[in-house]
Amino acid sequence: MNQVRLPQFHDRADSIRGQFIQALPVIVYFLIMFYSVILLFGMQYTLVVSLGTLVFQVNYKKKHTPLSLTLLLLQQLFLTVLAYVATWNIVLCLLLNLTVPFWLIFSKSSAFNQLGYFSTLMTFSFLQFIPLDWKGFIVQFEAMSLCCISVLIAVLLYPRLCRKKKGICTERQVMRLLGNIFEKSLNGEEVEADLKQLFCLQRQLYQEADQKRARRHVVTSKGKLQYMFALMIQRTTYLISTQSHILTPADEESRQLALCMAQYMKNAGNIDFLSGDSAQTGNLKKEGKRMLYRAEKKRDIFHRHVANFFRMFLFILNQSARQEEGILDEHWEVPVKDRIWERVFSRMHPDTFEMRFALRMSVVMMTGMAFNMLFDESHSYWFVMNAFLLLRPMYEDSNYRMRTRFFGTAAGCVILIMILPFCQSAASHLILAGILVVCMYTATPGTVIHAFFVTCFALMMTTLAMGDTSVVLLRMIYVIAAVLFVLVVNRFFFPTSMGSQFRYNFQMLFHMHHMYLGILKDCLTNSLDYWRICDAQIQYHMVHAQIRKELPEAEKSEQERAYFQKILEITWCMASEIQQMFFQVKNRRRDTKAREIMEHYIYYTDYVLNQIQEMLHLKKEKKLTDIEGMKYQRYITGEPELSSLMVQYARNLSRLYILVLRRFKTT
């Protein structure tokens with residue numbers, strides 16, 4: 001028996017050791033600030049240490065400039081002031097606890113970053129727990145300022161103190177992988193596993209571009225490079241996975257070009273080609289130009305696509321060299337009215353993730369803070385504190401935390417009652433509190449173990465301050481009350497589950513295909529707004545990736561998962577095709593007849609997409625053009641590349657229609 005359990009014990013010990021090492025910077029920061037705040041300001045202000053530690057924990061591994069980090073910390077101090085104002089009277093309490101959660105959730109969270117609000121809203125909510133007079137607030141503000149300054153110094157110093165070997169960036173991984181796939185394909189080897197990895201990396205590129213959004217422009221200069229690279233890789237991935245015959249060389253000379261291209265890709269993966277460093281990219285540019293010249297000598301489809309790849313890759317290399325002077329122009333700038341619409345009004349309807357969660361959070365905050373202010377019972381803030389921590393964007397996560405919080409708190413209360421008789425002095429309390437902090441940050445957040453150590457730490461500090469063990473029972477009562485309250489809010493007030501969010505994302509996927517068709521129609525007569533297409537493409541691939549991520553949880557049946565997986569594969573191909581149409585349409589002026597053919601093609605496609613949505617029981621688009629009497633044509637004379645894309649898109653649309661229709665007839 002012991003021989004069986006011993007390896008499991010070692011694995012568990014290794015796991016705990018790994019978690020401790022990973023949490024060590026956070027533990028060190030907390031302990032330093034914890035004892036510093038007690039020494040400088042008093043034990044009653046130690047709450048700010050947890051808030052400062054959370055800010056450090058969220059940001060210490062991120063790449064911050066001194067300016068971006070300073071702005072983030074100034075926001076924390078501004079929320080400290082707002083929290084103080086909210087404690088003045090019940091009217092301000094209700095007003096601020098209604099508006100601030102909306103502001104922070106709408107500005108920092110999304111369906112793709114659900115907990116973006118957490119560190120800021122926690123600061124605003126926790127600092128309301130114990131109302132202070134003006135002198136007390138000044139001391140609290142000073143303690144919070146000390147924590148913020150410490151975060152600024154620690155986050156900026158951490159990369160220098162902990163020099164680790166940097167991992168290879170996603171762009172370089174993609175280039176290496178593409179080179180391997182090309183080489184294997186030419187040698188007749190299996191590439192299925194490599195293609196799966198390539199799809200994952202392609203989605204990751206769009207996610208990284210999404211993280212580089214700017215205030216005025218749709219992305220920063222670095223984000224523009226990542227977006228263009230993601231776009232290039234998406235086109236290449238599409239050709240490799242669905243149109244592999246196009247990249248199959250027809251003769252030995254073409255095969256040698258393909259082999260050179262594969263080696264070129266692998267060489268590019270060995271250097272940081274987006275750094276803008278001419279010393280690193282000089283040879284890459286020269287070799288790329290030589291291969292582009294070789295590809296342009298012939299006009300068959302294979303050489304055209306090879307030339308297109310090198311043109312775009314060389315363009316990206318040239319753009320990367322201009323990062324310092326700025327590579328964003330007015331085409332990448334989001335108009336003010338669109339900025340306001342995108343960031344606020346477009347998400348202010350009851351179907352969106354942000355609106356539903358902000359409404360629930362506001363109800364919890366207003367009710368909990370009003371209870372804390374009006375009743376002023378001993379430690380009444382424990383009710384709203386637990387309610388805030390238990391309320392999560394998704395019902396499933398919130399439900400899981402209700403269970404773990406309850407059992408962890410119960411266990412913590414029992415153990416602490418047994419330990420307290422041995423801790424009579426303040427020093428013993430503080431030493432044990434430090435040990436509990438180490439265990440608390442080592443444990444996985446949200447688990448029973450984590451709730452256990454949190455409870456022990458909180459009660460250890462409370463009993464030290466009050467010298468009364470009756471608070472142990474009070475803690476348990478408030479946890480039970482918070483669990484019941486959050487359960488009611490989650491069930492009956494704008495509930496959001498993984499299933500409902502999954503369905504909403506599917507609705508968005510089809511809506512964005514309609515939006516793509518609208519952009520394509522607009523391109524026929526107007527110039528292309530790069531910010532609009534960049535924003536649409538990033539958004540589309542973020543939604544697509546989120547659906548893939550949620551699919552195993554949303555659909556338990558293997559048959560159902562396979563069905564939706566097929567829909568995702570087809571719609572991904574359609575998105576790749578229409579995105580290429582944008583640039584084909586943009587680069588050429590057309591006569592009235594060609595525009596009319598294209599418009600009719602768009603109207604028919606809109607109509608068929610709407611029929612598919614109806615069969616999937618999704619909300620249909622409201623404004624569609626009547627197609628009666630229109631002639632449908634999938635090609636335009638004299639434009640072979642655009643016509644080829646139109647044919648491929650129409651074929652995939654037909655595949656999707658048949659797939660959904662068969663399922664619809666059997667239900």
Side-chain angles (χ1 to χ4, degrees), residues 111-112 346-347 349-353 355-356 496-522 532-533 535-551 554-555 557 559-579 581-582 598-628 630 632 634 645-667:
F112 319 117
S346 67
R347 295 183 286 175
H349 59 86
D351 288 339
T352 61
F353 160 83
M355 188 68 175
R356 298 178 76 85
T496 304
S497 64
M498 290 187 66
S500 63
Q501 187 63 35
F502 176 80
R503 187 168 185 79
Y504 176 76
N505 285 339
F506 234 91
Q507 173 68 47
M508 282 298 299
L509 195 73
F510 280 90
H511 171 72
M512 295 186 76
H513 275 281
H514 287 284
M515 186 175 68
Y516 274 154
L517 291 167
I519 295 174
L520 183 62
K521 182 177 179 295
D522 189 63
R532 189 179 298 280
I533 183 59
D535 186 61
Q537 286 177 291
I538 290 175
Q539 183 76 2
Y540 179 85
H541 289 283
M542 292 289 286
V543 172
H544 198 275
Q546 190 72 12
I547 294 174
R548 282 183 175 274
K549 180 181 177 181
E550 294 171 350
L551 185 55
E555 298 294 342
S557 166
Q559 185 178 359
E560 289 293 304
R561 289 199 298 270
Y563 172 70
F564 284 109
Q565 191 73 37
K566 192 66 178 176
I567 292 177
L568 289 175
E569 290 173 5
I570 297 173
T571 52
W572 182 87
C573 292
M574 291 167 61
S576 299
E577 287 149 1
I578 198 168
Q579 288 162 11
M581 287 188 215
F582 294 148
M598 199 69 196
E599 285 177 356
H600 290 184
Y601 176 87
I602 292 169
Y603 295 146
Y604 264 88
T605 304
D606 249 342
Y607 177 80
V608 175
L609 275 172
N610 228 28
Q611 297 302 305
I612 294 171
Q613 284 171 251
E614 186 175 17
M615 289 187 288
L616 286 169
H617 305 293
L618 299 174
K619 189 188 299 182
K620 297 196 297 182
E621 299 297 308
K622 294 179 180 178
K623 296 180 181 179
L624 290 180
T625 305
D626 185 8
I627 63 171
E628 188 175 352
M630 289 185 183
Y632 178 66
R634 302 190 301 181
L645 289 168
M646 291 169 67
V647 169
Q648 283 299 126
Y649 187 91
R651 285 175 179 170
N652 279 317
L653 184 63
S654 297
R655 287 174 59 210
L656 182 61
Y657 184 85
I658 293 169
L659 176 69
V660 175
L661 180 62
R662 286 174 179 169
R663 173 69 173 271
F664 180 71
K665 285 183 175 180
T666 59
T667 56

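Only this structure's heavy atoms are used, side chains among them; waters, hydrogens and symmetry mates stay out.
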query = How far apart are the C-alpha atoms of L609 and M574, what are their side-chain angles, what is the distance that settles it, and do they pass the side chain to side chain contact (heavy atoms under 4.5 Å, CB included) test?
reply = CA-CA 11 Å; L609 275 172; M574 291 167 61; 4.2 Å; yes
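- Between L661 and M615, the shortest heavy-atom contact is CD1-SD, 3.6 Å.
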request  = Dump the intermediate steps for salt bridge (charged side-chain N to carboxylate O under 4.0 Å, His left out) on E560 and R663, then the final yes or no.
outcome  = CA-CA 11 Å; E560 289 293 304; R663 173 69 173 271; 2.3 Å; yes
query = Please walk me through it: do R655 and L659 pass side chain to side chain contact (heavy atoms under 4.5 Å, CB included)?
reply = CA-CA 6 Å; R655 287 174 59 210; L659 176 69; over 6 Å; no
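- Between Y632 and Y604, the ring planes lie tilted relative to each other; the angle falls in the 30° to 60° range.
- Atoms CG and CD, from L568 and Q565 in turn, are 5.5 Å apart once rounded to the nearest 0.5 Å.
- The aromatic rings of H513 and Y540 stand perpendicular to each other, their planes meeting at an angle above 60°, with 30° marking the opposite boundary.
- Between atom CG of residue L653 and atom CD of residue E577 there is a gap of 10.0 Å, rounded to the nearest 0.5 Å.
- Annotation: side chain of F510 is in contact with side chain of L616 (closest heavy-atom distance under 4.5 Å).
- Put simply, CG on L551 and CZ on F502 are 5.0 Å apart, with the number rounded to the nearest 0.5 Å.
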ask   = M598 and M646: side chain to side chain contact (heavy atoms under 4.5 Å, CB included), yes or no, with the steps?
value = CA-CA 9 Å; M598 199 69 196; M646 291 169 67; 3.8 Å; yes
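- In this structure, the side chain of H544 does not engage the main chain of L509 through any donor-acceptor pair within 3.5 Å.
- Proximity of K619 to H511: side-chain heavy atoms (C-beta onward) are nowhere separated by under 4.5 Å.
- Taken to the nearest 0.5 Å, the OG1 atom of T605 stands 5.5 Å off from the CG atom of L517.
- With E614 contributing its side chain and K620 its backbone, the two residues share no donor-acceptor pair below 3.5 Å.
- Taking the charged nitrogens against the carboxylate oxygens, R503 and E550 have no contact shorter than 4.0 Å, which rules out a salt bridge.
- A distance of 4.0 Å separates CD in E621 from NE2 in H514, rounded to the nearest 0.5 Å.
- For the atom pair CD1 of I578 and SG of C573, the computed distance is 13.5 Å after rounding to the nearest 0.5 Å.
- Listed here is the closest heavy atom pair of A575 and Y516: CB-CE1, 4.2 Å.
- Summarising the local packing, OH of Y603 is surrounded by more than 12 heavy atoms from other residues, nucleotides or ligands at distances under 6.0 Å.
- Judged by distance alone, the side chain of T571 and the main-chain N or O of I567 form a donor-acceptor pair under 3.5 Å.
- For the pair Y504/R356, no side-chain contact is recorded, criterion being any heavy-atom separation below 4.5 Å from C-beta on.
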inquiry  = Let's go through S576 and W572 carefully: what are the C-alpha distance in whole Å and the side-chain angles of both, what is the deciding distance for side chain to side chain contact (heavy atoms under 4.5 Å, CB included) to 0.1 Å, and is it a yes or a no?
reply    = CA-CA 6 Å; S576 299; W572 182 87; 3.8 Å; yes
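- A donor-acceptor contact closer than 3.5 angstrom links the side chains of Q537 and Q579.
- Shortest non-hydrogen contact noted between A536 and M512 is O-CE, 3.3 Å.
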